[in-house]
2 protein chains.
Amino acid sequence: MVKIPATIKDIAKYTGLSIATISKYLNGGNVLEKNRILIEEAIKALDFEVNEIARGLRTNKTMTIGVLIPVFEVFFNTIVSSLENVLLETGYSIVVCDYRDDEKLEKERLDFLYKKRVDALVVVPTYLKGSDIKKIIKRDIPIVAVDRPIDDFECDTILVNNFEVSYQAVEKLILMGHKKIGIICGPQNIYTAQERLNGYVQAHTDFNIPLNEEYIKFGEFHNMESGYKKMIELLEIQNPPSAVFVTNYEMTLGAIIAINEKDIKVPDELSVIGFDNLEMARIVKPSLSLVVQPMEEIGESVARLLLKRLKGDKSDFPLQKKLSAQVLIKNSIKRVD
Amino acid sequence: MVKIPATIKDIAKYTGLSIATISKYLNGGNVLEKNRILIEEAIKALDFEVNEIARGLRTNKTMTIGVLIPVFEVFFNTIVSSLENVLLETGYSIVVCDYRDDEKLEKERLDFLYKKRVDALVVVPTYLKGSDIKKIIKRDIPIVAVDRPIDDFECDTILVNNFEVSYQAVEKLILMGHKKIGIICGPQNIYTAQERLNGYVQAHTDFNIPLNEEYIKFGEFHNMESGYKKMIELLEIQNPPSAVFVTNYEMTLGAIIAINEKDIKVPDELSVIGFDNLEMARIVKPSLSLVVQPMEEIGESVARLLLKRLKGDKSDFPLQKKLSAQVLIKNSIKRVD
DNA sequence: TTGTACGCGTTATCAA
DNA sequence: TTGATAACGCGTACAA
């Protein structure tokens, strides 16, 4: 605690060897057995640890990867967690920042990570455009966009098939006879929210079911109260929907509370498909049908791609990958006619 | 993007001035007006930015503060957020790590932050002991324990009056005539959970109400399913409690779902006090009584203390501060006899 | 295998 | 005010 950590120089003095030899030992080079023992003894005795700042200055690498996410919510947390698990073995660490869905903060955090000299960046953008990135990022480091593409910027991108899975969910409802289908969407400026709405619209189009604007509600991601409110609104329509599709975790939570409060019986009085909420789905009775995104797979894909790029392998750049979410049908859907 | 960022040396060349002068300018020193203009021109032209790694090596400061929290959940997020807001103005940034309630990870993350040469540490410990810290932290940097003390380690500590507020909550129920009071606690190895249980016990003792072990359930923080399960268990007791105190956010969420599912009327059939869940409290009908912790205040206190220590002011060390949580009474409590 | 010598980009000291 | 120069701690040719 009190002593300033020893440096390579100290180890050199202690062992009588040169700085270069110690450095080589530290980096896995060959050293005479007796010297190795000596060095290891010195390291213990002097409580030595490499100064990663100095090493970073020299190697121009920090061995850290910057991760920028909108908020610390379970969807992003899970992705980051699995990303990290893969990276762990490789010597890379991650530094995660959230920007609380704030446009200004999004740029500031990106700048922060960049200034910390991360070796690569993983970004879940909201407002961020290509021009912003070009303004902030001046070194040529790998950047991967996750969950949402970056407007006007060419980079590796890993997405989920939001449109398709949303289509499938709504299609399922339609095939069960539903024609009055409500949807609680996210903000229209967010890519994933747009895609999910588009899937809903396309399914209606394909099955020749007219859209009813009353049934389309816009809530906020990361805000369960909005899910609650929008569900209440849907339930209070004179001619309410017979099924509702809620397009995100937190909003699903709020929607469930609304349904309970109104004492609506699922699926008898209302069919429901939620989103990304396995824990809740287990709890809620009857078991909740869900769209489940492959969060772990996203994290792993990002990690693998990142490692490839960090090795200098630029093949397939810019890579565009779309992973598949699944519609998980449980007991919250009833056939109607 | 392509060009490697310019260095002070480049600026020196461009302007014809010396490296030392540029450096002085960068650090707010006095420079002739014409030189200042010249330097600023060069900085723009060459896209210069200081290399903070090099600066850190030289100054032995990274101007970052490491923050270690159990999980990214709303309670900790809010604290971190307000901590950050205060720090923002000062030039310090934070790097946040979670350890997912994992003992091994808790040490690893601490080590990671330490190796990143943070200038100070904010820690919400779970398993961490003084001996662990002494093993990992060798430089003498300020450490602040938040929400929970660190066993066997002398350092600044900022806590919440868990015992007292829990006592008050239970006392309130008792004063409303309740004698059969259930509690859903957190894990016994966590300080805050212990304190909350102790407050419950003490209130019973003071009012001469015998404890009923059946009414004391242990769930898990950060796991709403446990709140759900424990509430179900309480409700299924032959002689169920007339009131339940749930001692954490996520568990309160699960408990509410359980209550809804069982179609229990609050407060007629059951009085409830939840925890830390303002958003939910707004949504749920009837409005939920709550223990509310002063999250913002915690963050601000930590920040101020930290800044003081970073200035070298060691007065009052080790500081022990206890902030006050409040019992917020709403419509979820009924008088019984 | 080991050591010498230099450079990474910055700050800090001390003359000028 | 400015500049030459020595650190900071480490990695790496290159020579020994």
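Reminder, nothing fancy here: chain letters follow the sequence lines and each chain counts from 1.
In this structure, the CG atom of N30(B) is 15 Å from the P atom of dG3(D), given to the nearest Å. When the P atom of dA12(C) is taken as reference, atom OH of Y25(B) falls 17 Å away, rounded to whole Å.
Contact record, F153(A) with G130(A): CB-CA, 3.6 Å, taken as the closest heavy-atom pair.
Taking only side-chain nitrogens and oxygens, S18(B) never comes nearer than 4.0 Å to OP1 or OP2 of dA4(D).
The pair K115(B)-D111(B) meets the salt-bridge criterion, since a charged nitrogen lies less than 4.0 angstrom from a carboxylate oxygen. Between K44(B) and E40(B) there is no salt bridge, since none of the side-chain N atoms of the basic residue sits less than 4.0 Å from a carboxylate O of the acidic one. Salt-bridge check for E52(B) with K61(B): failed, with every basic side-chain N at 4.0 Å or more from each acidic carboxylate O.
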Reading nucleotides 8-16 of chain D 5' to 3', which nucleotides get B (base under 4.0 Å from a protein heavy atom), which S (sugar-phosphate only), which -? BBBBB----
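Partners of F72(B) under the ring-ring contact (aromatic ring centres under 6.0 Å, His included) rule, at least two apart in sequence or in another chain, are F72(A).
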